[in-house]
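In what follows, chains carry the letters A, B, and so on, assigned in the order in which the sequence lines appear, proteins first and then strands, with residues in each chain numbered from 1.
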There are 2 protein chains.
Amino acid sequence: MRKSKRERQRLLQETIRENPFVTDEELAEKFSVSVQTIRLDRLELSIPELRERIKHVARQSFADKVRALPLEEVIGDIIDIEPDASAISIFDVKEEHVFRRTRIARGHHLFAQANSLAVAVIHDELALTAKATIRFVRQVKAGERVVAKAKVTGKTKSGRTVVDVNSYVGQELVFSGTFEMYRSNMEKKDGDSNEYRD
Amino acid sequence: MRKSKRERQRLLQETIRENPFVTDEELAEKFSVSVQTIRLDRLELSIPELRERIKHVARQSFADKVRALPLEEVIGDIIDIEPDASAISIFDVKEEHVFRRTRIARGHHLFAQANSLAVAVIHDELALTAKATIRFVRQVKAGERVVAKAKVTGKTKSGRTVVDVNSYVGQELVFSGTFEMYRSNMEKKDGDSNEYRD
DNA sequence: TTACTTTTAGTACCTAGTCATAAAATCGGA
DNA sequence: TCCGATTTTATGACTAGGTACTAAAAGTAA
């Protein structure tokens, strides 16, 4: 059955959002209307043509790619970094990061921000978290901006680097953690458990 | 001065690699040759036309984005649960969960699996992680299946529930953590057959 | 000059559209 | 059921950024 205009336009938006590479012709076939109708729909919904959509997606990703490679894998945006000393990142808590019912941020996102910052601050080819002690000091809600501050504080006797990370919303401490990081270029060679290299 | 054919084609490749959004016309102007010459060059160098280049960039980034979205939600599948006692979940480590270079799983995914299992095992309206001590025992690689086992081990004097989570690949322990969970209804033991907190 | 490479020009055709106009089909209400 | 409005479809002219092909002009080396 052919849907109503409203319903078709709703589905059209959804379809294009899911697959921006779809042509008007394909959409026309999908909704059993003429190509002209699809074009009228796009006009009414202010959806740009295929090529413009593709260009937009490409431009975005190209801009992203220009960002430094190691920083790309960090959760949150690094705004300051002094290798092997300190680093700061910000992470905006959005709806997708919180429990639906309570709107409180899920712990692993705060952990991910802190952990990836601890990885980033270490100026080495390979950095992995060996151990961590973390404390969720207060709940973070959607809409809040979390500023994580990492500081390299020392080394364990086994040669691991210790990084302290404190995360704040405004002046308020919301998360704190101590990370023991394993790194590849340790001056002291220790018979650590099975490390994996490729 | 107009460069030799060889030199022009070398620069052409470089230019397009740096900016795939450049048209033949712009290139012709840049190298002071005709558009036809540029097209001949692309033909000889097997460089696709502008639209194909853009499409390629867009397709790549789109695939990445589709993979990145569920990354935020996937924290393992619960395969067994005994409320307020124990729970088991599995998590398949895929390419999107690992560091590209080393193919070692990023710590926050293992944490997320364990943490969300600790949340799930607590049979209450609200469960939040207050504190956690975790240990990454051995590195997990892409393709491996991580089985997390949570066990409620007791309570702190402040009334928090303590959950121990151990994660395995096969028989081998890869992650272990102790989670101190805050919960809303601490004394109440209602038979509320609630939904899973996502 | 001849022979060859390189460059330029021009044509027809393509896709996936744009914009504008007009006709046909469908729908809701009295 | 007819009327007017909305919605859909058709048509034509035009666009960018090409492909594919043919042909001629310009440059170069012997």
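- Across D/dT9, D/dT19, C/dA16, the shortest atom-to-atom separation from the side chain of A/Thr37 is found for D/dT9.
- A distance-only check finds a donor-acceptor pair linking the side chain of A/Glu26 to the backbone of A/Thr23 [under 3.5 Å].
- For residues 126-162 of chain B, every residue pair satisfying the ring-ring contact (aromatic ring centres under 6.0 Å, His included) rule, not counting sequence neighbours, is listed here: B/Phe136-B/Phe175.
- Per the geometry, CG belonging to B/Leu43 stands 16 Å off P belonging to C/dT8, to the nearest Å.
- Note that B/Lys149 lies in the cation-pi zone of B/Tyr168, set by a 6.0 Å cut-off to the ring centre and a 45° limit from the axis.
- With D/dG18, C/dG17, D/dT9 as the candidates, the nucleotide lying closest to the side chain of A/Ser34 is D/dT9.
- The A/Thr23 side chain lies nearest to C/dG17 when the options are C/dT8, C/dG17, D/dT7.
- Within the 4.5 Å cutoff, side-chain heavy atoms of B/Phe111 are placed close to those of B/Ile134.
- Rounded to whole Å, the distance from CZ on A/Phe21 to P on C/dG17 is 13 Å.
- Of the listed nucleotides (D/dT9, D/dG18, C/dT18), C/dT18 has the atom at the smallest distance from the side chain of A/Glu49.
- Distances from the side chain of A/Arg39 to the nucleotides D/dG18, C/dA16, D/dT9 place C/dA16 closest.
- Remark: P of D/dT22 and CD of B/Gln36 are 16 Å apart, rounded to the nearest angstrom.
- Connection of A/Phe31 to A/Leu40 is not established within any shared hydrophobic cluster, with ILVMFWY side chains joined at heavy-atom distances below 4.5 Å, either directly or through further cluster members.
- Here the P atom of nucleotide D/dG18 and the NZ atom of A/Lys55 are 11 Å apart, to the nearest Å.
- One interatomic measurement links the two molecules: NE2 of B/His56 to P of D/dG18, which rounds to 17 Å at whole-angstrom precision.
- Taking atom CD of B/Gln9 as the reference point, atom C1' of C/dT6 lies 11 Å away to the nearest angstrom.
- Side-chain nitrogen and oxygen atoms of A/Arg8 include at least one within less than 4.0 Å of the OP1 or OP2 phosphate oxygen of D/dT8.
- In this structure, A/Arg42 places its CZ atom 13 Å from C1' of C/dC19, rounding to the nearest Å.
- At a cut-off of 3.5 angstrom, counting only N and O atoms as typed in the model, there is a donor on one side and an acceptor on the other between the side-chain of B/Arg51 and the base of D/dG17.
- Between B/Lys5 atom NZ and C/dT5 atom P there is a gap of 10 Å when expressed in whole angstrom units.
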